[in-house]
Amino acid sequence: MARQATAVGAQLALGPRPRRPWLARLESTAAFLFPILVLIGAWEVVSRVGLVNPILMPPPSRVFSETLRYMTPAGGWLLWHDAGMSAYRLLAGSVLAVVVGIPLGMGIGMVPAIYRFFTPILSILLPIPSLAWVPIVILWLGIGDATPIFIVFLSGIFPIVYNTSAGARSMDYRLIWAAQTMGARNLRLFLGVILPGSLGHIVTGVKLAVGGGWRSLVAAEMLAASMFGLGFRIFQAKGFMQIELMYAGIIWLAVLGFLLENGVFVPLETSTLRRWGMLREL
Amino acid sequence: METNAVARPPSTVPKVEAMGVQKVFYDRLRRPLVCAIRDLNLEVRQREFAVLLGPSGCGKSTFLHLVAGVEKASGGQLLVDGQPVQGPGRDRGIVFQEHALFPWKSVLGNVRYGLDVGGVPRQRANETALHFINLVGLTGFEQAYPHTLSGGMKQRVAIARALAYDPDLLLMDEPFGALDAQTRAFMIDDLARIHAETLKTVLFVTHSVEEALLLADRIFIFSARPCQVKKVLSVDLPRPRQVVDARLRDLQTEIMAILSPEVKRMLDAENKAISAAGAGG
């Protein structure tokens, strides 16, 4: 490895002098933020000059100051409570979906009998939008945390099961054979070879599950949450014509969704799939 | 043989015996799809370097999988050390054409895997793994992940992995098939050396006549599918062997004469299948 590192160093020294990494990072961040700032600026102008109704589309500057107010004692820390509640429901529902979905997907991908039994069931359940279940689930579980959690679970289970079973089925069987000739059996073979070998698909499934769960959660909270939650907040604010608070909720949805992808899944992939060369760099 | 007579005493004890072995692949509705092997008989002796040579797709890899125990024979008897093969076991190690390393494990982790599974204490497993990494010339790359290595290096890791937990019988399925000519030449030399040093029985599948002649004690020439042993040839040339050796050239000509009609039969069968599929679709 050391030899490789020196070789790479020598090669770089021959080419143009590499720029400082923090500068490159700053540049790419700026390039990412620029279009977003342009959009916000345009919105500000359009709202200020009265091209749109400033009540329904308040200028971003006011939305931001209100957002900040709801993040401080003056606003009762409201948005933090909401975000915390939504995050808890998302996490609980997603964990449930992972705990049920990965073993089920593995079973479907590896055991023909399980595949034959569950495939028809999954194919008739799959086309049903998870939100269609909300009224029924409210009757089962009532207004409160349980219903949104169950809806997150429901929308997450399908992508996890499908991707996990695809991962198990498309796995390079020679890896399994190699492990078997080395004496690996049962749980050891499963945990040590089949599971990591399917990890690329599993991560994709969990990503889709959490992304889909995030969307369903907001809608479920609008219908079934008793207090707190970003979806609940947006819906509630409508009743009191707190337009800025509605926008504040939406901004938090965007920021949290973005952080979820870049703060959780990207590092997870970098430390596993990319490190092992199982995910191609783009 | 004289040069190796001391290091590798000849043996007449059979290691692998195939008697009337058959392998039929079925489709989803359990209808026979392909008869890969029909009535295969052969005997490989202990510590022998046996090469199975035949046209591509003739069923020789399938036979290797049967010996490894990862696939089941449809009929006949297949013995390893006099015992019928029942599933994979640690007495047999396998090396595939394209390495089949665990991408989530480092070189050391891959080579150590068989030892870990066997319950070898960590310290000793590490030492043994490092010894075999050194044997295949990869010292310094213990912590590297497979995807950062070249094709030849990956194949060396695969060989080290198959050797490390000390199986008696090494099964190699066209292990050098995906390598460039230069790398392949080095790897052939290495493998001949390793075989001489470790006293293992090797079953080596290839479609390269040259590889067969450089490595084999005996060559089993396979017919086109469904495969049978068409001829067994002893290669009594001293080692290390050279491609330019006149006797090796003679043997090559002899083998080509036996093999060519089989390759042609295989190609004809494939062409027929292609045109049948074309007419059908």
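What you see is a predicted model, and the numbers here were worked out from it, not measured in a lab. Chain letters run A, B, ... following the sequence lines, proteins first and then strands; every chain starts at 1. Side-chain atoms are counted along with the backbone in the values below, which use heavy atoms only and exclude waters and symmetry mates.
- The CD atom of A:Gln180 sits 13.5 Å away from atom CZ of B:Arg90, with the distance rounded to the nearest 0.5 Å.
- With a 4.5 Å cut-off on side-chain heavy atoms, A:Trp276 and B:Lys105 do not count as touching.
- Interface residue B:Asp116: backbone and side-chain heavy atoms are both found under 4.5 Å from chain A.
- A:Arg215 CZ: 12 or fewer foreign heavy atoms inside a 6.0 Å radius.
- Atom OG1 of B:Thr148 is separated from atom CZ of A:Arg275 by 11.5 Å, given to the nearest 0.5 angstrom.
- For chain A, the nearby parts of B:Glu98 are the backbone and the side chain; heavy atoms of each come within less than 4.5 Å.
- With respect to chain B, the highest number of heavy-atom pairs below 4.5 Å among A:Ile176, A:Asp172, A:Val193 belongs to A:Val193.
- Shown here for A:Arg185 and B:Pro88, the closest heavy-atom pair between the two residues is NH2-O, 2.8 Å.
- Side-chain contact between A:Arg188 and B:Val117 is present, with at least one heavy-atom pair separated by less than 4.5 Å.
- The shortest distance between side-chain heavy atoms of A:Met278 and B:His147 does not fall below 4.5 Å.
- Summarising the local packing, CZ of A:Phe190 is surrounded by more than 12 heavy atoms from other residues, nucleotides or ligands at distances under 6.0 Å.
- Atom CZ of B:Phe25 has more than 12 neighbouring heavy atoms from other residues, nucleotides or ligands inside a 6.0 Å radius.
- Contact annotation: the side chain of B:Trp104 never approaches that of A:Leu195 to less than 4.5 Å [non-hydrogen atoms, C-beta and beyond].
- At a 4.5 Å heavy-atom cutoff, B:Leu115 makes no contact with chain A through either its backbone or its side chain.
- Residues A:Leu175 and B:Pro103 form a side-chain contact, since some pair of their non-hydrogen atoms from C-beta on lies under 4.5 Å apart.
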